[in-house]
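Note that this is a predicted model, so its numbers are computed, not measured.
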Amino acid sequence: MSIEFTFVPGTNSNGRSAAGAAPFFFDPHASAVALARVEDAGFQSVVIDNSGGPAGLLTNFDLAANAAALTSSLQIVLTHWAGVVAPTVAARQLASLAAASEGRLALRILPDGIAEDDVATDSHPSHIATWQRTDEYLTLLKRLWSNDKPFDHEGPFYSVRGGFVPNKDPRGFAIPIRMTGLSGTSLKVAGRHADIFELASGAPEDVRVLIARVRGAAAQYGRSGKIRFAMPVSFMRERPLSRSDAVHVPGPPPRSALSLIAYADAGVSEFMVTGPYDPEKIERFGQAIAPLLRNSLARKERRAISPAPGQSGTSTMGRRLRA
């Protein structure tokens, strides 16, 4: 199976960017050097998340544009949530970024700053309203990216008159959407919109159950096979003190790589490497952990396909049919 790696720089123990924790994004020279190292190490994506910084989420648009200009292959994952700007404004800004990055932009939607475990989930009015607004917001973004003429919209949270994004291909375009959640309400919205679902940390068995729940929610919209799953992991020496931290996989590279195989077997196809930016750790990850994991999974897949010694690759039924 194909495994991808995403770098999430400067995050604290609860998965959000700490103020000043990713300073290289704000320094042109440091940003160019850091992103080049991340790209060379074999990461496919980098997350832009300034939700905890002094300038807030709006700065992510500028940081994403800068990161796209400094890289050639990295997907730029821009963290955002409904309510920061109007959907028509966001759709145009995101369309411009997608064009400038030559299609390397992804949109990471957070649930409006309300943590899943801080509310009474589906029984909490604020929680339900937050996800309903997110649902309407994403529906409008997708419609603005695909429509060939202006449209009006009147919903419980947004009112649009003559909504249209100019300077796009007549067939429209799409930006991959990343989401997360645990409640039934959040999974329903993710099942409708997400291309990549960011899983909560847990044992492989827990991850397998959550993946099944997400696929079940997506099946209502005919999308059960259209969502990939990402797992946040940390290779820091000490485990972050958090109830919602990433899966902690310290130790030598072989042990770290092998510990992730169970998650790949559970359905994870992307690992989000979280933690403060460290050039030596980034280089070690690219030289040891990532290749070891990919090679181990490739060998396992080949063994699953190849017949056991002494057996032909043809089934008993196949031999009978030939006869």
Side-chain angles (χ1 to χ4, degrees), residues 1-18 21-25 27 29-49 63 67-68 70-77 79 104 106 108 178 196 198-202 204 207 228-240 242 245-301:
M1 65 179 297
S2 176
I3 290 292
E4 295 186 1
F5 298 100
T6 295
F7 182 51
V8 188
T11 56
N12 57 24
S13 60
N14 66 7
R16 294 292 186 83
S17 294
F24 71 82
F25 276 129
D27 182 313
H29 175 70
S31 184
V33 172
L35 289 171
R37 285 197 178 110
V38 169
E39 205 164 17
D40 291 343
F43 285 92
Q44 283 72 45
S45 307
V46 61
V47 171
I48 309 292
D49 183 1
L63 297 179
L70 293 172
T71 58
S72 59
S73 64
L74 278 177
Q75 183 181 66
I76 310 302
V77 180
T79 302
R104 290 186 291 123
R108 182 174 181 241
R178 305 172 68 100
I196 300 98
E198 297 181 7
L199 297 154
S201 62
V207 168
R228 294 190 299 108
F229 295 90
M231 166 63 68
V233 297
S234 168
F235 294 96
M236 291 189 291
R237 183 171 299 177
E238 296 182 0
R239 180 185 296 273
S242 170
D245 58 318
V247 171
H248 192 227
V249 283
R255 192 196 318 168
S256 298
L258 292 175
S259 67
L260 298 178
I261 291 180
Y263 290 99
D265 289 342
V268 175
S269 61
E270 175 187 330
F271 291 102
M272 302 174 67
V273 180
T274 70
Y277 173 71
D278 183 327
E280 292 183 2
K281 289 183 179 179
I282 291 296
E283 184 177 3
R284 184 166 64 251
F285 178 86
Q287 293 177 350
I289 296 176
L292 276 170
L293 178 59
R294 286 197 173 109
N295 291 339
S296 298
L297 288 172
R299 286 195 299 271
K300 185 174 182 179
E301 192 169 11

In the structure I gave you, are the side-chain heavy atoms of [X] and [Y] within less than 4.5 Å of one another anywhere?
X    : Y    : value
L74  : F7   : no
V8   : P232 : no
V273 : V233 : yes
V46  : F25  : yes

| task | Run the numbers on E4 and Q75 for side-chain contact (heavy atoms from CB on, under 4.5 Å), then give the verdict. | result | CA-CA 11 Å; E4 295 186 1; Q75 183 181 66; over 6 Å; no
Would you find a donor on one side and an acceptor on the other, under 3.5 Å apart, between the side chain of [X] and the backbone of [Y]?
X    : Y    : result
R108 : D49  : no
R178 : I196 : no
E39  : S72  : yes
S256 : V249 : yes
R294 : I3   : yes
S234 : H248 : no

| request: Could you label the plane-to-plane angle of the F24 and Y277 rings as parallel, tilted or perpendicular, counting under 30° as parallel and over 60° as perpendicular? | output: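 Ring orientation, 0 to 90° scale: tilted.
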| query | Relative to each other, are the rings of F43 and F5 parallel, tilted or perpendicular (30° and 60° limits)? | reply |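 Geometry flag for F5 against F43: perpendicular rings.
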Nearest-0.5 Å distance that lies between atom [atom1] in [X] and atom [atom2] in [Y]:
X    : Y    : atom1 : atom2 : value
L260 : D265 : CG    : CG    : 11.0 Å
Y263 : L293 : OH    : CG    : 13.0 Å
R104 : Q44  : CZ    : CD    : 13.0 Å
M231 : S201 : CE    : OG    : 7.0 Å
D278 : R37  : CG    : CZ    : 9.5 Å
L63  : I76  : CG    : CD1   : 10.5 Å

Over all atoms of both residues, closest heavy-atom pair of [X] and [Y]:
X    : Y    : answer
A67  : I48  : CB-CD1, 4.2 Å
I282 : A41  : O-CB, 3.5 Å
L292 : A257 : CB-CB, 3.7 Å

| said: Looking only at the side chains, is there a donor atom on one of T6 and E270 sitting less than 3.5 Å from an acceptor on the other? | reply: yes
